[in-house]
Novice: 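Would you mind keeping the following structure in view while I ask a few things?
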Amino acid sequence: MRLSVALLWAFVPAVALAQTQQIDDAIKAKLATAKWVYGLEDPAGGFHVAPADPKSDAVRKPSLRATSAAVRALKYSGAEVPNADKHAAFVLKCYDPATGGFAEPGGKPDVTLTSVGVMAAAELG
């Protein structure tokens with residue numbers, strides 16, 4: 001009994017130190033993910049599909065699919081969704097009450113985008 005307790009005390013610090021590095025790496029990865037997703041945020045609401053290209057003068061528009069994915073990525077990484085009210089307003093702007101479906105701004109509703117819009121709306125409350 002004494003030998004097993006002595007062995008336990010000998011190996012516990014080694015196991016604790018090994019887990020600490022893994023935990024630190026996981027936290028750093030989640031923070032890097034959240035930082036990257038925050039960079040895709042549109043100030044008016046919604047998220048962009050990709051980071052801005054400094055060489056391009058094209059006007060970027062937020063996407064319903066990107067917004068849903070960004071909100072879920074932030075949720076799963078443990079980060080908070082910034083300006084959630086603006087993003088919820090963007091998702092509601094994509095809703096078409098005549099058909100009951102969701103569409104990208106200026107597009108036509110379809111089944112896929114409706115399911116993405118419902119998931120985004122559910123995540124944003």
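Counting from 1, the numbers follow the sequence of the chain as shown. Worth knowing before you read on, the calculation uses all heavy atoms, side chains too, and leaves out hydrogens, waters and symmetry mates.
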Novice: Which atom pair, heavy atoms only, marks the closest approach of A103 to G107?
Specialist: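 Shortest heavy-atom contact: CB-O, 3.6 Å.
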Novice: Side chain of H87, backbone of A44: donor and acceptor closer than 3.5 Å?
Specialist: no
Novice: Assess, by modelled atom type and distance only, whether the side chains of E41 and H48 contain a donor and an acceptor separated by less than 3.5 Å.
Specialist: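 Note: E41 and H48 side chains miss the donor-acceptor criterion.
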Novice: Group every Ile, Leu, Val, Met, Phe, Trp and Tyr by side-chain heavy-atom contacts under 4.5 Å, then state whether V118 and V116 land in the same group.
Specialist: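 The answer is yes; both residues are in one hydrophobic cluster.
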Novice: Side-chain heavy atoms nearer than 4.5 Å, only ILVMFWY residues, links allowed to pass through others: does that put W36 and V71 together?
Specialist: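 W36 and V71: one cluster.
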Novice: Of the non-hydrogen atoms in Y38 and P82, which two are nearest, and what is the gap between them?
Specialist: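 That would be CE2-CD, 3.4 Å.
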Novice: Go through D42 and F47 one step at a time and tell me if the side chain to side chain contact (heavy atoms under 4.5 Å, CB included) criterion holds.
Specialist: CA-CA 5 Å; D42 187 274; F47 286 85; over 6 Å; no
Novice: Can you see which heavy atom on A84 is nearest to which on L124, and at what distance?
Specialist: O-CD2, 4.2 Å
Novice: For F102 and T114, which heavy atoms make the closest approach, and how far apart are they?
Specialist: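 Looks like N-OG1, 3.1 Å.
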Novice: Nearest 0.5 Å, what's the OG1-CD distance between T67 and E123?
Specialist: 12.5 Å
Novice: Strictly distance-based, threshold 3.5 Å: is any side-chain N or O of E104 a donor or acceptor partner for the main-chain N or O of L64?
Specialist: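 Checked: pair present.
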Novice: Would the distance check show the side chain of D110 and the main-chain N or O of L113 forming a donor-acceptor pair, the cut-off being under 3.5 Å?
Specialist: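 Such a contact is found between D110 side chain and L113 backbone.
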Novice: Nearest heavy-atom pair of P51 and L40: which atoms, and what distance?
Specialist: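 It is N-CD2, 3.3 Å.
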Novice: Between S56 (side chain only) and D53 (backbone N and O only), is there a donor and an acceptor less than 3.5 Å apart?
Specialist: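 No, the answer is negative, given that no donor and acceptor are paired below the 3.5 Å cut-off.
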Novice: So if I apply the side chain to side chain donor-acceptor pair (under 3.5 Å) rule between D25 and each of Q22, K28, Q21, which one comes out positive?
Specialist: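 Testing each of Q22, K28, Q21 against D25, the sole residue satisfying side chain to side chain donor-acceptor pair (under 3.5 Å) is Q21.
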Novice: Mind listing the closest non-hydrogen atom pair of S68 and A120 along with its distance?
Specialist: CB-CB, 3.7 Å
